Every structure is written in structure tokens, then in C-alpha cells.
Number of protein chains: 2
Amino acid sequence: MMLIRRLAEPYAGQFALPGGFVLPHESLEVAAARELVEETGYRATYLEQLFTFGEPDRDPRGRVVTVAYYALVPEDQVLAAGTDASEVQWFSVSKLPPLAFDHAEILQKAHGRLKAKLDYSDVGFVLLPKEFSLSDLQEVHESILGHEVDPRNFRRKLESRGLVKETDHYRHTGRKPARLYTFAGNSTTDESSD
Amino acid sequence: MMLIRRLAEPYAGQFALPGGFVLPHESLEVAAARELVEETGYRATYLEQLFTFGEPDRDPRGRVVTVAYYALVPEDQVLAAGTDASEVQWFSVSKLPPLAFDHAEILQKAHGRLKAKLDYSDVGFVLLPKEFSLSDLQEVHESILGHEVDPRNFRRKLESRGLVKETDHYRHTGRKPARLYTFAGNSTTDESSD
DNA sequence: ACAAAAGTGTTCCATATACACCCATGT
DNA sequence: ACATGGGTGTATATGGAACACTTTTGT
């Protein structure tokens, strides 16, 4: 989970989700992408609307309705703090600091959504470079799900769904070289839900 | 699908979803429930946030962000048109009239969500009175899914999940009396997704 | 040679699907 | 008696879960 440390009141010094206000002629999604770049330097490739939070008292400054989006950020991305935030930092889902506003609730909802989408959509691939080993992909799944996965069952499922294409490249950084794969396709014709 | 005919411009005379503006100290969900009562007379028991629509040009009057909710309304509910609408009318999903704004897109999204939730949540029961026959429940599922369901498989699934409790009441309105059932419980501990 | 991660098969169980007839009642 | 919707069982296919050892390389 990527969080920023707030500079301004309220909640100055605490961690929070990056965010800001939508401009008059800007779509919600474009606004979310813009704020993310401004505050973390990351240009999102995957961005999905999560939920809209609108309790009347969730911001001490007055009525603020937040349309929350979440982005998936490959771990190797370099993040540079922008103007609104003094610090950008990664946290494990299980070790979150206290958060500003109702942002803990937002994060929890995002995590639940991600878990649910993991096995009927292609979100798992977004967090990896174009070529990856099957162990890489498995680790992504394990860290999102929060538990271990059996490598044989995992690989069998990938194969039966035709999700990956093997390349003839190998990564030689470990002990036994790992075959690299690419994502095979957009099978999920997303007519349903969100 | 329940729609109202608009009285005011823009799109006067066309069908649209009931809706309106959130009051300053009102939560989004309360606002949705209030507008539904005002425009259709129906007090929602099931109301769920669907999605937020915020394209800059979706309303010709200016920038309007819509936080869409959907309610489930048992068919036997009597609907009385309120002050903002001249007419409340039911439509089949497959035979919708032209709709105001981007409301067709909203409806389509709601339908997709409902289909997806049908078999991992309890939405199917909300559309029925407290006591219902298994054929009633099956018809609800068929009309949401848009295809027929095998009665043996359907009943077996209900039983294996323990979703219904049988009563010793029968409905004598058909030829063979149908045993009536009640909804058994809230098994779905909704920690995940939305 | 050994440490460390990559890779590989089989069995079992639960759940989904396909399919057709008898039953109980009201008219 | 018959028409109508209510109600029932079996066989097959599919997908998920549990489980441990061999392979290949770098050091």
C-alpha cells in the first residue's frame, strides 16, 4: 500500500491516500490519475473506481465527497514525492500506520476488491513487467490473498485458462534459471459487474 | 426496471431514473432513499451503491456528478408518482424506452451487478415476500439472469447451502399447492469486495 | 557437494450440469 | 378426466485441494 505523509492540516504529519479535487471540466478518472502523478510521480496504467464515500462528517473542514479510485503500481516503480506530500512510502497491508480521515476504511475496501478480482480478471498481471516468471506471478497472488498457494495447482490453473504464453527467455538471477512468460490475452469480456 | 417520466427540462417527457441532489448534512445513502420515496413512494429495504458517474458533459445544465444507487423493489409494491415525476412505470430489461442523460448506461451496470451478486449474496430473496414458493424464487433468478434454470439443480443448490427454511404453509392458488418457505439466514459474512 | 529456487502428477472430493417423469389439486 | 404447475434422482463432467520429490544451476 502506497501512502503519503500529509503536510497540511487537518491530520498534518499523518499518512493518507493521495488525492485532491476534481477540476471543473475534468472526468473523475482523469482527476484521479492527475492527483496520483502530482503526489507520487506515478503515471497509472491500471486505475479503477472503487467506491464513493460521502458521510457528512468525514472531513472536519466540511462536506467532502470522495470518489475513491485505486491504481496498481508495479513494485519496481520509483516514486518521487510531489508538492502536496512530504513523503511517499510503501506499507504492507498488515502493518498500516494510523491514517487520516476514513482512509483506513477505503484501503480495506480496496484490498477486498482486489482479492475478489484476482481470479476472474487480469489484475494479477498488471503488477508485473511484460516478462515474468511463474513464481513472480505466484508471489503477487500470495501477497494479495495473504496466504500461500500451491505451485502445482497454480500452474495448472494458468494453463487451463490459457492465461500465459511462454517465451524462450530465462532469468538467471537465482539458482535454477526461471522460464519467463508473457500475459496471453484479454479473455475476460467484461460485460458484467464492474 | 422502474422508471419515471420526467416533467422538467432537460429531457422532459422522457423516462429516467429517479434521483436528485444530496442535502448538506445528509449521507449519500439517505439521500438516495429519500429521493426514491419522493419520486415513487417506495421505501427501500435494500439499497446499494452502484457506481459514480462524473463525465463533465453528462448533464447539459452543467457539471453534475451522480452517485448511483440501486434498490430492489418487490413486484407487488404499489408505486405512486410523487411531485417530481408525472408517471412511474415498470419495464422489462429487454424492452427499455429511450432514457434521459446516461441513464441507460447506469441501468446496464446495475443489471450486471445484480446478476453477479445473485449467487454469492442474498439479493434474490429481497424481491419476495417473507413466505414464498421455490418456484417464485426460481422465477426471480430466471428473470434476473435472463435464462431458464433447471428446477432440480436449483433446489439442490438451495438445500446444500441451507438458504431456505420450509414452513408448513401452502399456497393453494395454482393446481398443486406449493409449499412456502422463508429465507434462512445471513450466511454471507461480507468481509470482501463491495 | 550443497544450497536454493524451479518445476512437475496423481488422487480425491465437491460442485455443476444434463436430463424426464410422477404427483396433487381445482375445474 | 384432464390440465396445470409442483416436485423429485441419477449419471457424468469439471474444477479445486491436498500432497513430495526431482532438476538445474551458482558458489
Side-chain angles (χ1 to χ4, degrees), chain A residues 75 115-122 124 128-129 131-184 187-188 192, chain B residues 75-76 115-122 124-125 128-129 131-184 187-188 192:
Chain A
E75 209 173 2
K115 272 195 272 192
K117 292 201 91 156
L118 195 54
D119 74 65
Y120 70 87
S121 83
D122 307 329
L128 292 169
E131 298 199 333
F132 50 86
S133 75
L134 296 188
S135 309
D136 293 342
L137 184 56
Q138 184 179 336
E139 276 168 30
V140 166
H141 280 242
E142 288 176 343
S143 66
I144 291 176
L145 294 175
H147 61 80
E148 296 198 340
V149 166
D150 182 280
R152 288 164 291 196
N153 296 338
F154 184 68
R155 291 160 119 96
R156 181 175 25 256
K157 187 187 291 188
L158 288 175
E159 191 186 10
S160 81
R161 302 198 182 167
L163 288 176
V164 293
K165 272 198 301 261
E166 68 176 32
T167 69
D168 45 0
H169 302 161
Y170 288 83
R171 187 198 306 144
H172 289 263
T173 169
R175 301 309 179 123
K176 180 174 177 177
R179 171 159 234 144
L180 298 179
Y181 292 76
T182 59
F183 174 48
S187 50
T188 330
S192 64
Chain B
E75 210 173 1
D76 57 354
K115 271 196 274 193
K117 292 201 92 156
L118 195 55
D119 74 65
Y120 70 86
S121 82
D122 307 330
F125 297 99
L128 292 169
E131 298 198 333
F132 50 85
S133 75
L134 296 187
S135 310
D136 292 342
L137 184 56
Q138 185 178 334
E139 276 168 30
V140 165
H141 280 242
E142 287 176 343
S143 65
I144 290 176
L145 294 174
H147 61 79
E148 297 198 339
V149 166
D150 181 279
R152 288 163 292 197
N153 296 338
F154 183 68
R155 292 160 118 95
R156 183 176 20 257
K157 188 186 290 186
L158 288 175
E159 190 186 13
S160 81
R161 301 197 184 169
L163 288 175
V164 294
K165 272 197 302 260
E166 68 178 30
T167 68
D168 45 1
H169 301 161
Y170 289 84
R171 186 198 305 145
H172 289 264
T173 167
R175 301 309 179 125
K176 178 174 177 177
R179 171 158 236 145
L180 298 180
Y181 292 76
T182 59
F183 173 48
S187 48
T188 330
S192 64

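The chains referred to below are lettered A, B, ... by the order of the sequence lines, with proteins before strands, and numbering in each begins at 1. Quick note: numbers below take in every heavy atom, side chains included, and nothing from hydrogens, waters or symmetry partners. In this text, all values refer to a predicted model and were calculated from it rather than measured experimentally.
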inquiry  = At less than 4.0 Å, is any side-chain N or O atom of A/R161 found next to OP1 or OP2 of D/dG16? Yes or no.
reply    = yes
message = Nearest whole Å is fine: how far is D/dG15 C1' from A/K157 NZ?
response = 9 Å
request  = With a 4.0 Å heavy-atom cut-off, tell me which residues in residues 136-153 of chain A come close to DNA chain D, sorted by residue number.
outcome  = A/D150, A/R152, A/N153
query = Roughly how far, to the nearest 0.5 Å, is the CG atom of A/L128 from the OH atom of A/Y181?
reply = 14.0 Å
key: Distance-only donor-acceptor test (3.5 Å): side chain A/R156, base C/dT10   = yes
Side-chain N or O of B/S135 closer than 4.0 Å to phosphate OP1/OP2 of D/dG6 = yes
query = Just one of B/R179, B/R171, B/H169 clears the side-chain hydrogen bond (donor to acceptor under 3.5 Å, both in side chains) bar with B/E131, so which one?
reply = B/H169
ask   = When rounded to the nearest 0.5 angstrom, what distance separates CG in B/N153 from CZ in B/R155?
value = 11.5 Å
query = Roughly how many Å is it from CZ in B/R179 to P in C/dT25, rounded to a whole number?
reply = 12 Å
note = When rounded to whole Å, the OH to P distance for the pair B/Y170 and C/dT25 reads 9 Å
task = Write down the distance between CD (A/E159) and P (D/dG16), rounded to a whole number of angstrom.
result = 14 Å
ask   = Between the base of D/dT4 and the side chain of B/K176, is there a donor-acceptor distance below 3.5 Å?
value = no
ask   = How long is the line joining CG of A/L180 and C1' of C/dG7, in whole Å?
value = 14 Å
remark   = Interatomic distance, CD@A/E142 vs OG@A/S135, rounded to 0.5 Å, equals 9.5 Å
inquiry  = Using every non-hydrogen atom in the two residues, find where B/K165 and B/A184 come nearest and quote the distance to one decimal.
reply    = NZ-O, 3.9 Å
ask   = D/dG6 P sits how many Å from B/H172 NE2, rounded?
value = 13 Å
Closest to side chain of A/R175, choosing from C/dG7, D/dT27, D/dG16 = D/dT27
note = Heavy-atom nearest nucleotide on DNA chain D taken for A/S160 and for A/P177; more 5' hit belongs to A/S160
key: Whole angstrom value for the distance that separates P of D/dG15 from CG of A/D119   = 13 Å
inquiry  = Which residues pass the salt bridge (charged side-chain N to carboxylate O under 4.0 Å, His left out) test with A/R156, not counting sequence neighbours?
reply    = none
Expected output: side-chain A/S143 to main-chain A/V140 donor-acceptor under 3.5 Å = yes
query = A/R155 has an atom CZ; how far is it from atom C1' of C/dG9, in whole Å?
reply = 14 Å
